[in-house]
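Following: one structure in structure tokens, then a few remarks.
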Amino acid sequence: MTSNFWVHALRAVSLAIAVTVLAIAGGHALAAEDSLYRDLGEKSGIATIAKYTTANFLGDPRIKAKFDNTNMERFEKLLSDQFCVVAGG
């Protein structure tokens, strides 16, 4: 399998994990759809979460190479956008 396959697979798994964690943590959001979004600090707070998540990916020597051909600024923005949507913002 090509390196590109593993990059995409790792991205999909990472995003799925993040979305699952946010969905579980946001169980209380059913009453007020955007309460998790507010609790996470809205757009700026979630952007910080995405920033640290991306830094953790790059700081892990086991997976860092999987992101060699990735535009990490774009990845971080898209991750932040996805977290915002999942959190109800």
Side-chain angles (χ1 to χ4, degrees):
M1 295 191 186
T2 67
S3 173
N4 203 18
F5 168 81
W6 289 110
V7 169
H8 291 294
L10 182 59
R11 286 181 191 161
V13 169
S14 298
L15 185 57
I17 290 169
V19 168
T20 301
V21 168
L22 284 172
I24 291 170
H28 70 283
L30 295 176
E33 187 173 314
D34 68 343
S35 64
L36 178 60
Y37 178 74
R38 286 191 311 260
D39 290 346
L40 293 173
E42 299 180 343
K43 188 170 184 159
S44 65
I46 292 173
T48 301
I49 292 169
K51 176 182 173 182
Y52 285 113
T53 301
T54 303
N56 284 335
F57 291 163
L58 295 176
D60 187 336
R62 298 170 296 173
I63 63 171
K64 180 181 179 181
K66 303 297 182 189
F67 294 96
D68 283 349
N69 296 317
T70 302
N71 177 337
M72 292 310 290
E73 287 181 25
R74 181 173 183 269
F75 177 84
E76 185 178 311
K77 184 199 178 311
L78 292 174
L79 186 61
S80 178
D81 291 347
Q82 182 66 39
F83 286 169
C84 285
V85 169
V86 171

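Nothing fancy with the numbering, it's 1 onward along the sequence.
- Checked against side chain to side chain donor-acceptor pair (under 3.5 Å), Asp81 has the following partners two or more places apart in sequence or in another chain: Lys77.
- For residues 43-52, the set of pairs meeting the salt bridge (charged side-chain N to carboxylate O under 4.0 Å, His left out) definition, not counting sequence neighbours, is empty.
- Closest of all the heavy-atom pairs between Ile63 and Phe57 is CG1-O, 3.4 Å.
- Checked against side-chain contact (heavy atoms from CB on, under 4.5 Å), Arg62 has the following partners two or more places apart in sequence or in another chain: Asp60.
- Tyr37 and Cys84 make their closest contact through CE1-SG, 3.9 Å (heavy atoms, listed as atom of the first residue, atom of the second, distance).
- Rounding to the nearest 0.5 Å places CG of Leu58 at 9.0 Å from CD of Glu76.
- Ring geometry for Phe67 against Phe75 counts as perpendicular: the plane angle is over 60°, on a 0 to 90° scale with 30° as the lower cut.
- Taking the side chain as every heavy atom from C-beta outward, Thr53 and Phe83 approach each other to under 4.5 Å.
- Listed here is the closest heavy atom pair of Ile46 and Ala87: CD1-CB, 4.1 Å.
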